[in-house]
Every structure is written in C-alpha cells, then in structure tokens.
Number of protein chains: 2
Amino acid sequence: MNIGTASEQSQLPVKTIRYYEDIGLVRPLRSDNGYRDFSETDLQRLKFLQRSRSLGFSIEECRELLSLYEDGDRASADVKAITQSKIREVDRKISELQSLKKVLTTLSDACHGDDRPTCPIIDDLAGEADR
Amino acid sequence: MNIGTASEQSQLPVKTIRYYEDIGLVRPLRSDNGYRDFSETDLQRLKFLQRSRSLGFSIEECRELLSLYEDGDRASADVKAITQSKIREVDRKISELQSLKKVLTTLSDACHGDDRPTCPIIDDLAGEADR
DNA sequence: TTAAAGCTTCCAGTCACTGGAAGGTCAAGA
DNA sequence: TCTTGACCTTCCAGTGACTGGAAGCTTTAA
C-alpha cells in the first residue's frame, strides 16, 4: 500500500512515517515508480509505534519495545521493566508540575489583578518578595 | 561585570546567557577587549529570566513578563492573566500525565513480568488486546 | 488533454539550549 | 619575561521528534 493509505490506517502523519523510515524504524519496499510500498507487517509496526508514542515512550524506547515485540522469546519481565521505569518518570513529572502549580497559584492568589501597577507576581520574579 | 560573574550571580549557564543575548533578552555593553560587560540592570534581567523560566514560562512569555516588569504603569491584571493561563496549561499537563499513568499502570499490573514471553503490554501496543 | 491529488527528495525551522573547535585576553607564578 | 591556565570570544553543529515548504515526478479522473 502507498504511504497515504498507511498514514490513514496507522493514524500517523505522512511526514512522520517518512521520518520513521529515515531513522530506521520501518523499512518499506519500493514500487517501480519509486513510491514506498508498505506491507501488512510494516503497517503493524506503524500502529505499534503510534500507540507506544502516544503512551509517552520516546523514540528510542519505542525502538526497544519494537525489538521486544518482534522477539517471540523475550521475557515479559523486560517489557514490564521498561513500562515501570516509564511510570516512575511520569510520576516525577506529575509531582514537579504539582509543585509548580502550587507556586503559581500562590502568586496568582496574592495578586489582586486590577488596573493598578502593584503586582506581587512581578515582585517575586524580580526577587523582591519575602521568601 | 564579566559573563562568568553574571552567570554565578544569576544561576544561569554562560552559554544560556549568550543565547539570551542572541535572541535579544539582554543587551550587555562591551568592554574594550570585546568582553561582555553586564550592569546591575542586566543582572536583574537575568535573575528575572532565571526565575520565570524555572516557573515554566516559555521564552516568549518571559519576554512579555520582562516588558511588563519594566513598564511601571502596567496593570497587575495583565500579569495575573498570563500566570493564570500558565496554571491552566500546567493543569492540562497534569491530567494528561495522570491518565497516561493510569493506562501504563493497568498494563504493568496485567503483566506477570517473569521469563515467559507472554506479555499483555506488548499485546496492547500491537493492538491485539480486548479494549 | 489537463487538472488535481498524491508521491518523491531535500532543505530549513521549531524550542531552548548545549557541546566543541579555534583562537584572543588576562592574571599569577617561576 | 615567559608560560600556564582560566576566562573570554565567535561560529558551527546537534539535540528530539517532527513539521513546512519548494521543486519536480506519477497517477487518476473528468
């Protein structure tokens, strides 16, 4: 199938698919006219990539997961390990954002937000607040 | 003061300060030897940038905040509006990450993680699971 | 026949830096 | 005086994961 069809089926933009070929994540054959010709297996890989990217795995993690996917003998523990380290990463990000939100909310609440120039947010950014 | 001192005082890497000059966030004078010469005002800007970047404002938001910072007449409402939209953005990211974590945790829990090859995580990524 | 849609490659841009090379300047010590 | 090392300069390239656009093929439908 052509790249347009593969794009539709995998829910990945055409540009992204070409990029994935560039970095060796998929290797479609070429038709006589030079067009990429995606097999069912290629499509499976693309769908796999779409799903794993949308779950927040990096390209390199996806590459690793793909090779585990295609190695019928690998231990499920290997896959679980990657997933759990990703969960820890997500957790770290969540708590970072939560403390960020806390600071921003405190600042925002302290600012009366009218048309006068006095502003505790700016004062804090400028390092002039009591903290 | 030289860039090294400015870097220490502002807690910004030397490279980052040069980059900020490149994009017009700070405009230090030059000494006769060609070295950048940072004034106290320049240092204030750098500290302001360090703090606002660390609170998750983008460079363009920082640029806007800086100009509000230096406009003694601006309304505090303007600053508060930027801060609140940033809070909403942080909120969106948090809930995205939370639902991501949910999916990953469900997948991880379903995988027994031993040396056998059967793995519900991979099955899900491949789109072979019941969902 | 022709127009539009779809395909190709290649180059550049995004964001916010970061690394490294090649070279100039300055201060301290032998 | 010389040298060493720290510090400074510019410029170019790379990061991650695409995305946009130009120029030019091929295919399909009217």
Side-chain angles (χ1 to χ4, degrees), chain A residues 1-39 42-43 45-66 86 89-90 93 96-97 100, chain B residues 1-39 42-43 45-66 86 89-90 93 96-97 100:
Chain A
M1 78 189 72
N2 283 352
I3 199 169
T5 314
S7 165
E8 246 176 69
Q9 305 265 322
S10 65
Q11 306 265 70
L12 285 171
V14 166
K15 281 271 189 187
T16 302
I17 297 177
R18 291 204 191 99
Y19 170 71
Y20 285 175
E21 187 189 20
D22 258 18
I23 60 172
L25 283 177
V26 65
R27 297 177 206 281
L29 296 174
R30 296 294 176 129
S31 307
D32 290 345
N33 58 13
Y35 286 16
R36 290 169 182 80
D37 185 17
F38 293 82
S39 67
D42 292 328
L43 187 58
R45 290 179 74 95
L46 291 177
K47 287 180 177 172
F48 186 98
L49 287 166
Q50 192 282 326
R51 174 86 176 136
S52 44
R53 285 289 299 132
S54 78
L55 286 178
F57 291 100
S58 73
I59 289 288
E60 287 317 306
E61 286 165 335
C62 288
R63 203 188 291 278
E64 201 178 346
L65 286 169
L66 254 184
K86 184 52 66 174
E89 199 181 313
V90 169
K93 282 190 195 164
E96 249 179 61
L97 287 173
L100 196 58
Chain B
M1 81 190 68
N2 283 350
I3 198 169
T5 313
S7 164
E8 244 175 72
Q9 304 267 321
S10 65
Q11 305 265 69
L12 285 171
V14 167
K15 281 272 188 185
T16 301
I17 297 177
R18 292 204 190 98
Y19 170 70
Y20 285 174
E21 187 189 20
D22 258 19
I23 62 173
L25 283 178
V26 66
R27 297 177 207 281
L29 296 174
R30 294 295 176 128
S31 307
D32 289 344
N33 58 13
Y35 287 15
R36 289 169 182 80
D37 184 18
F38 293 83
S39 67
D42 292 328
L43 187 58
R45 290 180 73 96
L46 291 177
K47 287 180 178 171
F48 187 98
L49 287 166
Q50 192 282 326
R51 174 85 175 135
S52 44
R53 285 289 299 131
S54 80
L55 286 179
F57 291 100
S58 74
I59 290 287
E60 287 318 306
E61 285 165 337
C62 289
R63 203 189 291 278
E64 201 177 347
L65 287 169
L66 254 184
K86 184 52 65 174
E89 200 181 312
V90 169
K93 281 190 196 164
E96 248 179 62
L97 287 173
L100 196 58

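Throughout, protein chains are lettered first and strands after them, A, B, ... in sequence-line order, and every chain is numbered starting at 1.
Atom CE in B:Met1 sits roughly 16 Å away from atom C1' in D:dC7 (whole-Å rounding). Separating the CZ atom of B:Arg30 from the C1' atom of D:dT9 is a distance of 8 Å, rounded to the nearest angstrom. Atom CD1 in A:Ile3 sits about 13 Å away from atom P in D:dT19, given to the nearest Å. Rounded to whole Å, atom P of D:dT10 lies 4 Å from atom CZ of B:Arg36. Taking atom CD on A:Glu21 and atom P on D:dC18, their separation rounds to 15 Å, with Å as the unit. Straight-line distance from the CD1 atom of A:Ile17 to the C1' atom of D:dT19: 14 Å, rounded to whole Å. The distance from atom CZ of A:Arg63 to atom P of D:dA17 is 10 Å, rounded to the nearest whole Å. Atom OH in B:Tyr35 sits roughly 7 Å away from atom P in D:dT9 (whole-Å rounding).
Separating the OH atom in B:Tyr20 from the CD atom in B:Gln50 is a distance of 8.5 Å, to the nearest 0.5 Å. Note that CG of B:Leu25 and CZ of B:Phe48 are 11.0 Å apart. Values are rounded to the nearest 0.5 Å.
A:Asn2 and A:Thr5 are not linked by any side-chain donor-acceptor pair at a separation below 3.5 angstrom, with hydrogens and angles left out of the test.
Residue A:Asn2 is the one, among A:Asn2 and B:Tyr19, whose nearest nucleotide of DNA chain C lies closer to the 5' end (criterion: closest heavy atom). Ranked by how close their nearest DNA chain C nucleotide is to the 5' end, B:Tyr20 and B:Lys15 are led by B:Tyr20.
Side-chain contact check for B:Val14 versus B:Arg18: some heavy-atom pair is nearer than 4.5 Å. Residues B:Arg53 and B:Ile59 have side chains in contact (heavy-atom distance under 4.5 Å, counting atoms from C-beta outward).
A:Ile23 comes within contact range of no nucleotide atom at all, as no heavy-atom separation falls under 4.0 Å. Within 4.0 Å of B:Arg18, counting heavy atoms only, lies at least one base atom of the nucleic acid.
In this structure, B:Lys93 places its NZ atom where only 12 or fewer heavy-atom neighbours from other residues, nucleotides or ligands lie under 6.0 Å away.
The pair B:Arg63-B:Glu60 meets the salt-bridge criterion, since a charged nitrogen lies less than 4.0 angstrom from a carboxylate oxygen. With respect to A:Glu89 and A:Lys86, a salt bridge is recorded, a charged nitrogen being found less than 4.0 Å from a carboxylate O.
Nearest heavy-atom pair, A:Ser39 versus A:Met1, reported as atom, atom and distance to 0.1 Å: O-CE, 4.4 Å.
Contacts between residues 52-62 of chain B and DNA chain C, defined by a heavy-atom separation under 4.0 Å, are made by B:Arg53, B:Ser58, B:Ile59.
For DNA chain C, the outermost nucleotides in 5' to 3' order that have an atom under 4.0 Å from a heavy atom of chain B are C:dA16 to C:dC26.
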